[in-house]
Visitor: 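Dropping a structure here in structure tokens format, bear with me for questions.
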Number of protein chains: 2
Amino acid sequence: MSTRERLIESTQDLLWERGYAGTSPKAIQQRSGAGQGSMYHHFGGKSDLALAAMNKTAEQLRAEISGHLDGPGTAIERISAYLHRERDVLRGCRIGRLAQDPGVVESARLRQPLDETFDWLRRRLAEVVSEGQAEGELAADLDPEDTAAAIVAVLQGGYVIARAAGSAEPFGRAVDGALRLLAASAR
Amino acid sequence: MSTRERLIESTQDLLWERGYAGTSPKAIQQRSGAGQGSMYHHFGGKSDLALAAMNKTAEQLRAEISGHLDGPGTAIERISAYLHRERDVLRGCRIGRLAQDPGVVESARLRQPLDETFDWLRRRLAEVVSEGQAEGELAADLDPEDTAAAIVAVLQGGYVIARAAGSAEPFGRAVDGALRLLAASAR
DNA sequence: GTCTATATCAGGATAGAC
DNA sequence: GTCTATCCTGATATAGAC
């Protein structure tokens, strides 16, 4: 792997663990094994490197999620697969966590990958909800876009309450609660 | 107001805006008008001051939310009042935002106010859901605790997707979507 | 492309005078 | 209780040699 790639991957990890403000150039250099000069040769500075890392993370996330939402199965099964996809709940969401970082949100450039990712996700989920309605699996009077936003929010908020509790349990409850509501809506 | 109180209030504001890692002693001193020595006279250091600020914020939040959940009205009306309580969506949640801060979550002392606040909130909402079930307003087969967790998560996640979008709109959609699902469950 | 040296400023705190 | 002085480390780079 090239030095450039190692820099990006190290930054991806650190942004996930420590956030944007909490990720220092020095930490990136140490984790990637690249020197000071090397890092500033490949990237203009911290924010350029963060942007590259965020874009790569967003792309990976879309690919992983598509694997669940595009697959076979009913709408509820696919949504359930997406919601249960998570492994390491207490680490939080690689993308969503950055929405709390003022340095990210205050910069149009850095906020863009977040915005695009959630926008794509909500649209894709709204399609799945519509498909479920067409099959009579979900109540016809749900608004697909609102429902999709609620599903995404349950996931993101699940991370928040799990980290606050120091336990994955509240995350699981939130997901189960949401799926039960979805399933109940069609009765 | 005493210097000590001004220190705490300034820290409350800064924690909300910038998070724990992003809040420096210098910024606290400037905002509160207190000097260096004054701050270290009243508090042992940044973390002690943060703890005092978080406890005060948690107390205020519980009081405000109780105002909505304890009031008159049906269960769905009270939950709706709670979800629509928010004014400045893009500022995010005063407590939930701190769950993304490694310096908070990694410290048992600092995580405690978060844990207790969300724990209280989920219990309280579960009671309201149970009351709704007793009145036949909500489906009898919902799990009150799971449903409560889902409601809290929608709110916390709503903040996340709103900040990512730079707009309050996704928050409103998530809240509407969740309320629609709740209302539909009883049909 | 990578290295080492250097620069500036902020973070977080202690010491001791008043 | 509050003030000023001082300390040490880390954040974020730039400069220039190799």
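All chains are named by letter (A, B, ...) in the order of the sequence lines, taking the proteins before the strands, and each is independently numbered beginning at 1.
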Visitor: Round to a whole Å and report the spacing from CD of Gln29(A) to C1' of dC3(C).
Guide: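 Nearest whole value for this atom pair: 12 Å.
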
Visitor: Nearest whole Å is fine: how far is dA15(D) P from Met39(A) CE?
Guide: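 About 16 Å, once rounded to whole Å.
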
Visitor: Just checking, is any N or O donor in the side chain of Gln156(B) or Gln156(A) under 3.5 Å from an acceptor N or O on the other one?
Guide: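 There is no such pair (donor and acceptor under 3.5 Å, judged by atom type) between the side chains of Gln156(B) and Gln156(A).
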
Visitor: Cut-off 3.5 Å, side chains only: do Glu116(B) and Gln112(B) have a donor facing an acceptor?
Guide: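 The criterion, which ignores hydrogens and geometry beyond distance, is satisfied for Gln112(B) and Glu116(B).
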
Visitor: Figure out the CE/C1' separation between Met1(B) and dG1(D), and round it to whole Å.
Guide: 17 Å

Visitor: What's the CZ-P distance between Arg6(A) and dT2(C), to the nearest Å?
Guide: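 Rounded to whole Å, this separation is 8 Å.
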
Visitor: Rounded to whole Å, please give me the gap between CZ in Phe43(B) and P in dT2(D).
Guide: 11 Å

Visitor: Quick check against the 3.5 Å criterion: does Lys46(B) have a side-chain atom that pairs as donor or acceptor with the backbone of Tyr20(B)?
Guide: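 Judged by distance alone, yes, a pair lies under 3.5 Å.
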
Visitor: With sugar-phosphate meaning primed atoms plus P, OP1 and OP2, does Gly37(B) contact a base, only sugar-phosphate, or nothing at under 4.0 Å between heavy atoms?
Guide: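 Base, at least one base atom sits under 4.0 Å.
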
Visitor: So which nucleotide from dC3(D), dA13(D), dA13(C) ends up closest to the side chain of Ser38(B)?
Guide: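 Among dC3(D), dA13(D), dA13(C), the one nearest the side chain of Ser38(B) is dC3(D).
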
Visitor: What is the separation between atom OH on Tyr20(A) and atom C1' on dA11(D), rounded to the nearest whole Å?
Guide: 12 Å

Visitor: Between dA7(C) atom C1' and Lys26(A) atom NZ, what is the distance in whole Å?
Guide: 14 Å

Visitor: Answer yes when Arg18(A) and Glu106(B) have at least one side-chain N-carboxylate O distance shorter than 4.0 Å, and no when they do not.
Guide: yes

Visitor: For dT2(D) and His42(B) - does any side-chain N or O of the residue sit under 4.0 Å from the phosphate oxygens OP1/OP2?
Guide: yes

Visitor: Looking at dT14(D), dT14(C), dG11(C), which one has an atom nearest to any side-chain atom of Tyr40(A)?
Guide: dT14(D)

Visitor: Would you mind telling me which of dA5(C), dT2(C), dG12(C) lies closest to the side-chain atoms of Gln36(A)?
Guide: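 Of all the options, the side chain of Gln36(A) is nearest to dA5(C).
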
Visitor: If you only use heavy atoms from C-beta on, which nucleotide in dT2(D), dA5(D), dT12(D) is closest to the side chain of Lys46(A)?
Guide: dT12(D)

Visitor: Describe the nucleic acid contact of Ser2(A) in one word from base, sugar-phosphate, nothing, applying a heavy-atom distance below 4.0 Å.
Guide: nothing

Visitor: Measuring to OP1 and OP2 of dT2(D), would you say a side-chain N or O of Thr3(B) lies under 4.0 angstrom away?
Guide: yes

Visitor: May I have the distance from Leu49(A) (atom CG) to dA13(D) (atom C1'), rounded to whole angstrom?
Guide: 14 Å

Visitor: Is a donor on one side and an acceptor on the other found under 3.5 Å between the side chain of His84(A) and the backbone of Ser80(A)?
Guide: yes

